[in-house]
2 protein chains.
Amino acid sequence: MSTVTPPTRNRGKRRAEILEAAARLFAARGFHGVSIEDIGGAVGISGPALYRHFSGKDALLSEMLLDVSSRLRESAVAVATSSPGPAETLDALLNVQITFAIEQPALITVHDRELGNVPEPARRQIRRLQRLYVEEWVTVLAELHPACPAARLRAATHAVFGLLNSTPHSAGELPARDMRPLLHAMARSAIEASVNTR
Amino acid sequence: MSTVTPPTRNRGKRRAEILEAAARLFAARGFHGVSIEDIGGAVGISGPALYRHFSGKDALLSEMLLDVSSRLRESAVAVATSSPGPAETLDALLNVQITFAIEQPALITVHDRELGNVPEPARRQIRRLQRLYVEEWVTVLAELHPACPAARLRAATHAVFGLLNSTPHSAGELPARDMRPLLHAMARSAIEASVNTR
DNA sequence: CTGGGATGTTAGTCACCATTAACGTAATCG
DNA sequence: CGATTACGTTAATGGTGACTAACATCCCAG
């Protein structure tokens, strides 16, 4: 009818491939430390061919971060609305973040390092999504611990993100099979402590 | 006799001033996102004047990271040799890292992001110091929990660093007076969980 | 067929940037 | 007093890198 099969599917494939390679490179050397040539080379095309898929280097980064933020936020909302209670929601949120951190270390790394290099139209939107994601956590924590001030819960949430996102640093120390429960236990315990200490 | 007052003191002052400004800029925009002009401008001199104090941009970064790694490592050693027992050592190590994270967020940020941009002579040395610092933690944890495999302790240590170094992200959420005990409690609890979970 | 869109390629172009050169100015020291 | 030293300044210079132009292919639709 309207959209034919090969154009639609191929376009998407290539774009995804580029985004993935770029994420790996950005995580390793930083946005400005990677050239268009580098990214093209990583997917077997060379240099300016990227402009057939993205309007520029900035747009590539914007789309990357926008995509990550949306996916995290959507997962959080899905989990929050489908869980029977706050305790289960927190558990599910932990699993979402842990899965993401273990399976997409490069994206997680870029996500919390490179916001400063995103140009202004997109930056605001990414910030908004990140804020909504944090608030999803804070809301659940507030349900579980109504006496704890929100600012404290927010700080604790950021600390837990730092803990979970440490995976890229300890890559190779432990297999994912062991890393996953370890992170879960540490994060859960850290959260408990954050609301219990007077 | 040998070193005169103004030269020694002034040289040091300017260098320190430059290092601090550069750390702030590197943390915000990444090593390659900051120009020599930017750094000079931030301390009131302009551009190539930097070469009176550092042999180049790379050397500036090298010195910055070398300095941070040494200071952390030295503090850890000092604390480990002067504490009565492993429990007190762990406590003191936590305080060292928390103080650093709260008082020097830019340095901490650069320290764990920009190692990849340090040229080879210095890189090895920085890595060495970082490794020694981690081992200081692992040694203490191993004394407290001899049954726990070292790989697990290492992974837990990295996770705790991630937790403590989250300060730059939650800047402003909470005053340092509250942040400090919060981080301490969360980290301590996370460590407990890391060795208790089977 | 055939014309056009999707996708690449290779040669500019233009800006930016690290680094060096050439050149002042104060203050210190002998 | 000189003269060296510490510190800056403003012009090159040379390289790199993002982006554009001009020019193929391939493949499908009409």
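Below, chains carry the letters A, B, ... as their sequence lines are ordered, and counting in each starts from 1. Keep in mind it's a predicted model, so treat the numbers as computed, not measured.
Distances shorter than 4.0 Å separate some side-chain N or O of B:Arg14 from OP1 or OP2 on D:dG8. At C:dG8, one or more side-chain N or O atoms of A:His53 fall inside 4.0 Å of OP1 or OP2 (strictly under the cut-off).
Side-chain contact of B:His145 with B:Asn196: a donor-acceptor pair under 3.5 Å is absent, judged by distance alone. In this model, a donor atom of one side chain and an acceptor atom of the other lie less than 3.5 Å apart for A:Asp38 and A:Ser35. There is a side-chain donor-acceptor pair under 3.5 Å between B:Arg180 and B:Thr99.
The OH atom of B:Tyr51 sits 14 Å away from the P atom of D:dT9 (whole-angstrom rounding). Summarising the geometry, the separation between CD1 on A:Ile45 and C1' on D:dA24 is reported as 16 Å, rounded to the nearest angstrom. Counting to the nearest Å, the P atom of C:dC16 and the NE2 atom of A:His32 are 14 Å from each other. In this structure, CG of A:Leu25 is placed 13 Å from P of D:dG17, rounded to the nearest angstrom. A straight line from CZ of A:Phe31 to C1' of D:dA18 spans 10 Å, rounded to a whole angstrom. Rounded to a whole Å, the CZ atom of B:Phe54 is 15 Å from the P atom of C:dA18. Residue B:Ile36 contributes atom CD1, which lies 6 Å from atom P of C:dT19 at whole-angstrom precision. Look at CG on A:Asp38: it is 12 Å from P on D:dT16, rounded to the nearest Å.
No continuous path of hydrophobic side-chain contacts links B:Leu132 to B:Leu115 [ILVMFWY only; heavy atoms under 4.5 Å].
The side chain of B:Pro48 approaches C:dT20 more closely than any other nucleotide in the set C:dT20, C:dA11, D:dA22. In the set C:dA18, C:dT9, C:dC23, C:dC23 carries the atom at the smallest distance from any side-chain atom of B:Arg52.
Classification of A:Arg124 and A:Glu120 as a salt-bridged pair holds, one side-chain N sitting under 4.0 Å from a carboxylate O. Between B:Glu74 and B:Arg71 no salt bridge is recorded (no basic side-chain N to carboxylate O distance below 4.0 Å).
The residue B:Gly56 sits close only to the backbone: its heavy atoms come under 4.0 Å of sugar-phosphate atoms, none of a base.
With A:Gln130 as the partner, the side-chain hydrogen bond (donor to acceptor under 3.5 Å, both in side chains) test is satisfied by one option alone out of A:His111, A:Glu135, A:Arg73: A:His111.
For DNA chain C, each stem of at least three Watson-Crick or G-U pairs (distances under 3.5 Å) is given as range with range: C:1-30 with D:1-30.
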